[in-house]
2 protein chains.
Amino acid sequence: MPRPSAADSKGRILAAAAKEFAAHGYAGANVDRIARAARLNKAMIYYHFASKAALYRDILNDMFAAVQRRVADVAASADAPAAKLRRYVEAIAVEAEARPHFPPIWLRELADGGRHIDQATRRHVRGVLAALQAILDEGARAGAFRRVNLIILHGGIIAPLMFFFATAGVRRRLLRGVPLAGADLSTAAVVAHIQQLALAQLEGKVA
Amino acid sequence: MPRPSAADSKGRILAAAAKEFAAHGYAGANVDRIARAARLNKAMIYYHFASKAALYRDILNDMFAAVQRRVADVAASADAPAAKLRRYVEAIAVEAEARPHFPPIWLRELADGGRHIDQATRRHVRGVLAALQAILDEGARAGAFRRVNLIILHGGIIAPLMFFFATAGVRRRLLRGVPLAGADLSTAAVVAHIQQLALAQLEGKVA
DNA sequence: GTCTATAAATAGATAGAC
DNA sequence: GTCTATCTATTTATAGAC
């Protein structure tokens, strides 16, 4: 994955495209706007990428590759299962904050039924779940975790996380003036909350 | 809101459009496809609606009006706070199952920053949160609930619910062959789980 | 590698007949 | 209310010069 550098045009295109796809979705994204934001022109995009779809797939793939790398490191570490679980949640949050385009693009891709996810990306997605499963198995073997449904647990982690990051705009727009609406919500507070909920399930404090 | 009936063309357009917007998003939706799915032609859409945007706004508004009506009924009922909370979660799930376009459209709209939400719809969204707040206040006054952040609690309810309904397609596509991936997940099990998590927070069983 | 100019297709919207 | 035909703008993608 050629990481973006201010100098090379391909990196600038990837950065501009990620922003554009996050803001407008695949169909709504405009190749010309991407080119202008990258201080280039349309032709340069087709010099580096075969098509709009290929550009989008590259961005998707990069997102999930990054997340998988991070959570695989966590699963392979020497921490206790509960600590790994906390770090798993944190890893996803870190990646979402480092790549602000990640949560909105993932939300849209879910709504699209995963239509643009190619084989490489699918492997990464499965790798993320495999890392969580490994943590759960280890915890269960150690007697620290009870067995829970992987998808229910993962949904309880990824869904509120993605919502928190992706809805900053909507919260500002819709909840102006609503008391207790949580304008003061910090990433740290949300992450801590999700960690506690997940651990409460695994440790049998809640059914 | 003129409810869809098999006979009238406006209802058929609304039904076809809801499906199209859910599958492709606002920008990706195709007016011609909507017309064909409604067994009509493009001109009929512009006879009933001012524009593609107006058609989309009507569908958004209808979704949230329906949810608000349901949760307002729950909040105004005579049940105990804990029962109301459980019925609040169930109400959203019922509405999501009754309108399969609702979860994907809402996911996309979040990613869009709520760009297409007009004033009427905004009132409905706020009304949904107001109903939850009323339930929380009542529970707190009765000494049954402790005070929690409205947005964190609501996010913990709405996010996994929308994910569950909206990701059925992705789960099938991405997780084929993954053991324990929860192909057996039922709406009832997911709803019960979310109810328990929310109540655990409110009753202080988890921080 | 980067650009201008343009081809080719798509899609929102409207005119006007019935 | 419903249709066919069409206008017009937008947009992906490419040709070809530098």
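Each chain gets a letter, A, B and so on, in the order the sequences are listed, and its residues count up from 1.
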- prompt: Under the ring pair (Phe, Tyr, Trp, His ring centres under 6.0 Å) criterion, do A/His101 and A/Phe21 qualify, and how do the steps go?
  reply: CA-CA 8 Å; A/His101 59 276; A/Phe21 287 126; 9.8 Å; no
- request: Tell me, please, which residues at least two apart from A/Glu95 pass side-chain contact (heavy atoms from CB on, under 4.5 Å).
  value: A/Ala66, A/Val67, A/Arg70, A/Ala98, A/Arg99
task: Using heavy atoms and a sub-4.0 Å distance, could you list which residues of residues 27-34 of chain B are near DNA chain C? By number, please.
output: B/Ala29, B/Asn30, B/Val31
message: When you measure from the side-chain N and O atoms of A/Tyr46 to the phosphate of D/dT14, is any distance below 4.0 Å, counting only OP1 and OP2?
response: no
- prompt: Side chains of A/Asp112 and A/Arg115: closer than 4.5 Å at any heavy-atom pair?
  reply: yes
- request: Go through residues 16-25 of chain A and report each residue with a non-hydrogen atom lying under 4.0 Å from DNA chain D, sorted by number.
  value: none
- prompt: Whole-Å distance between D/dA13 P and A/Tyr47 OH?
  reply: 18 Å
Under 3.5 Å, which protein N or O atoms sit close to an N or O of nucleotides 3-7 of chain D? Give each pair with its distance.
unit_1 : atom_1 : unit_2  : atom_2 : d
D/dC3  : OP2    : B/Asn41 : ND2    : 2.6
D/dC3  : O5'    : B/Asn41 : ND2    : 2.8

- line: Atom CZ of B/Phe49 and atom P of C/dT14 are separated, to the nearest Å, by 15 Å
task: Can you sort out the partners of A/His24 under ring pair (Phe, Tyr, Trp, His ring centres under 6.0 Å), two or more places apart, ordered by chain and number?
output: none
Distance-only donor-acceptor pairs under 3.5 Å for side chains of residues 187-197 of chain A, two or more places apart:
unit_1   : atom_1 : unit_2   : atom_2 : d
A/Thr187 : OG1    : A/Glu97  : OE2    : 2.8
A/His193 : NE2    : B/Gln201 : OE1    : 3.2
A/Gln195 : NE2    : A/Arg86  : O      : 2.8

task: Nearest whole angstrom, please: distance from the P of D/dT12 to the CD1 of A/Ile13.
output: 14 Å
- line: Here the distance between atom P of C/dA13 and atom CD1 of B/Ile45, to the nearest Å, is 10 Å
message: Using whole Å, what does the distance between atom P of nucleotide C/dT10 and atom NZ of B/Lys52 come to?
response: 15 Å
query: Considering residues at least two apart in sequence or located in another chain, which fulfil the ring pair (Phe, Tyr, Trp, His ring centres under 6.0 Å) criterion with B/Phe145?
result: none
field: Test ring pair (Phe, Tyr, Trp, His ring centres under 6.0 Å) applied to A/Phe64 - qualifying residues, sequence neighbours left out
entry: A/Phe102, A/Trp106
- request: Name all residues meeting the side-chain contact (heavy atoms from CB on, under 4.5 Å) criterion together with B/Ala54; count only those two or more places apart in sequence or in a different chain, and write none if there are none.
  value: B/Ala50, B/Ser51, B/Arg57
message: Test of understanding: with ring pair (Phe, Tyr, Trp, His ring centres under 6.0 Å), list the residues that count as partners of A/Phe49, not counting sequence neighbours.
response: none
- prompt: Looking at residues at least two apart in the chain, or sitting in another chain, which of them share a side-chain contact (heavy atoms from CB on, under 4.5 Å) with B/Asp79?
  reply: B/Ser77, B/Ala83, B/Lys84, B/Arg87
query: Is any side-chain nitrogen or oxygen of B/Ser51 closer than 4.0 Å to OP1 or OP2 of C/dG12?
result: no
query: Which residues pass the salt bridge (Lys or Arg N to Asp or Glu O under 4.0 Å) test with A/Glu90, sequence neighbours left out?
result: none
